[in-house]
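Let me begin by presenting the structure, written as structure tokens, before commenting on it.
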Amino acid sequence: HLTGNRLTNNAQLISLDKLELDFVKKEGGVFQLGAQSTYQKVVDELKRYDPEHILVKALGQAATHPLRNRITLGGSLFLSPGWSDLPGPLTALDAQVHLFGENQGTYPVSEFIQRRELKKNSIITKISFPDIPCKSRYYRECITKNDHPTFTLTILKFDKDIRIVLTGH
């Protein structure tokens, strides 16, 4: 009941368990994160590649540990609440959302968040972004550690590029 919306019938529920969308892998210089991967799984797996990765920093601070073991990338990105720790880093990483269904295709995260019609009759299968070395900083403004942030600030510094993304509500 995180969205505040009540389900009006069972037709709104589907199970994704058999779709094998729980993965974190790197292929050909591109990270691919399955939609059913939890925040904690992403933190644990990306830490092996780069302990300072922006998603390790951001998702490692999000919610509480028990919730990080339950919150999935696909669900969080699909709902895209203003207090989420996910959209800022993904936008800064030039991440792509891969959809299956009516709007099948690959879209930049920022476009997916802005265009509500992309969510209609479609599911997120994975999120991908290139593995480009960079320095990163992540800040979340909140009253207590477990509070929803009022805003988040993501900063990535690449060799010849700086990206700054501010999100919030």
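Being a predicted model, the structure only gives us computed values, none of them experimental. In what follows, every heavy atom counts, from backbone to side chain, and hydrogens, waters and symmetry copies are set aside.
The line from CD1 of I71 to CD of Q40 is 10.5 Å long, rounded to the nearest 0.5 Å. How far OG of S37 is from CG of L21: 8.5 Å, rounded to the nearest 0.5 Å. Note that NZ of K41 is 12.5 Å distant from OG1 of T72, once rounded to the nearest 0.5 Å. Between the OG1 atom in T152 and the OH atom in Y139 there is a gap of 11.0 Å [rounded to 0.5 Å]. From F23, atom CZ reaches atom CG of L33 across 8.0 Å, with rounding to the nearest 0.5 Å. In this structure, the separation between NE2 on H148 and CD on E141 is 15.0 Å, given to the nearest 0.5 Å.
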Pair V97, T106 - check side-chain contact (heavy atoms from CB on, under 4.5 Å), show working. CA-CA 6 Å; V97 180; T106 303; over 6 Å; no

Is there a side-chain contact (heavy atoms from CB on, under 4.5 Å) between K157 and C134 once you walk through the steps? CA-CA 5 Å; K157 182 186 179 300; C134 66; 5.8 Å; no

I164 and T154: CA distance, side-chain angles, deciding distance, side-chain contact (heavy atoms from CB on, under 4.5 Å) verdict: CA-CA 6 Å; I164 301 172; T154 304; over 6 Å; no

side-chain contact (heavy atoms from CB on, under 4.5 Å) between L77 and I127: does it pass, once the steps are laid out? CA-CA 10 Å; L77 193 56; I127 298 162; 3.8 Å; yes

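Nearest heavy-atom pair across P89 and A58 is CG-CB, 3.6 Å. Residues P87 and I113 come closest through the heavy atom pair CB-CD1, 3.6 Å. The nearest pair of heavy atoms linking K120 to E102 is O-CB, 3.7 Å. Taking every heavy atom of both residues into account, E45 and V24 meet most closely at CB-CG1, 3.5 Å.
A side chain to side chain contact (heavy atoms under 4.5 Å, CB included) with L46 is found for one member of I54, V56, L59 and no other, namely V56.
Here ring-ring contact (aromatic ring centres under 6.0 Å, His included) pairs that include residues 86-137, with residues two or more places apart or in two chains, are F31-F129, H53-F129.
Cluster annotation: V109 is connected to I132 through the hydrophobic network of ILVMFWY side chains, with a link wherever side-chain heavy atoms come within less than 4.5 Å. Note on L93: it clusters hydrophobically with Y49, by side-chain heavy-atom contacts below 4.5 Å among ILVMFWY residues. The hydrophobic clustering, which links ILVMFWY residues whose side-chain heavy atoms are closer than 4.5 Å, places I162 and Y138 apart. The hydrophobic clustering, which links ILVMFWY residues whose side-chain heavy atoms are closer than 4.5 Å, places L67 and L73 together. Note: the hydrophobic cluster containing V165 does not contain F158 (ILVMFWY, side chain heavy atoms under 4.5 Å, direct or indirect links).
No hydrogens or angles considered: nothing links the side chains of D85 and Y39 as a donor-acceptor pair under 3.5 Å. There is no side-chain donor-acceptor pair under 3.5 Å between T91 and S110. Remark: the Q36 side chain and the D22 side chain contain no N/O donor-acceptor pair separated by less than 3.5 Å. When only modelled atom types and interatomic distance are considered, K57 and S136 share a side-chain donor-acceptor pair under 3.5 Å. A donor atom on one side chain and an acceptor atom on the other are found under 3.5 Å apart for K126 and Q32.
A cation-pi arrangement, defined by a distance under 6.0 Å to the six-membered ring centre and an angle within 45 degrees of its axis, is present between K119 and F78.
Counting heavy-atom neighbours within 6.0 Å of R137 CZ, excluding the residue itself, gives a total of 12 or less. In this structure, D159 places its CG atom where only 12 or fewer heavy-atom neighbours from other residues, nucleotides or ligands lie under 6.0 Å away.
For D131, the salt bridge (Lys or Arg N to Asp or Glu O under 4.0 Å) partners are K26, not counting sequence neighbours.
Between I123 and L99, the closest side-chain pair of non-hydrogen atoms is not below 4.5 Å. When side chains are defined from C-beta on, L55 counts as touching L90, because their heavy atoms get closer than 4.5 Å.
Checked by atom type and distance alone, the side chain of R163 never pairs as donor or acceptor with a backbone atom of I155 at under 3.5 Å. A donor-acceptor distance shorter than 3.5 angstrom exists from the side chain of S122 to the backbone of N103, with no hydrogens or angles considered.
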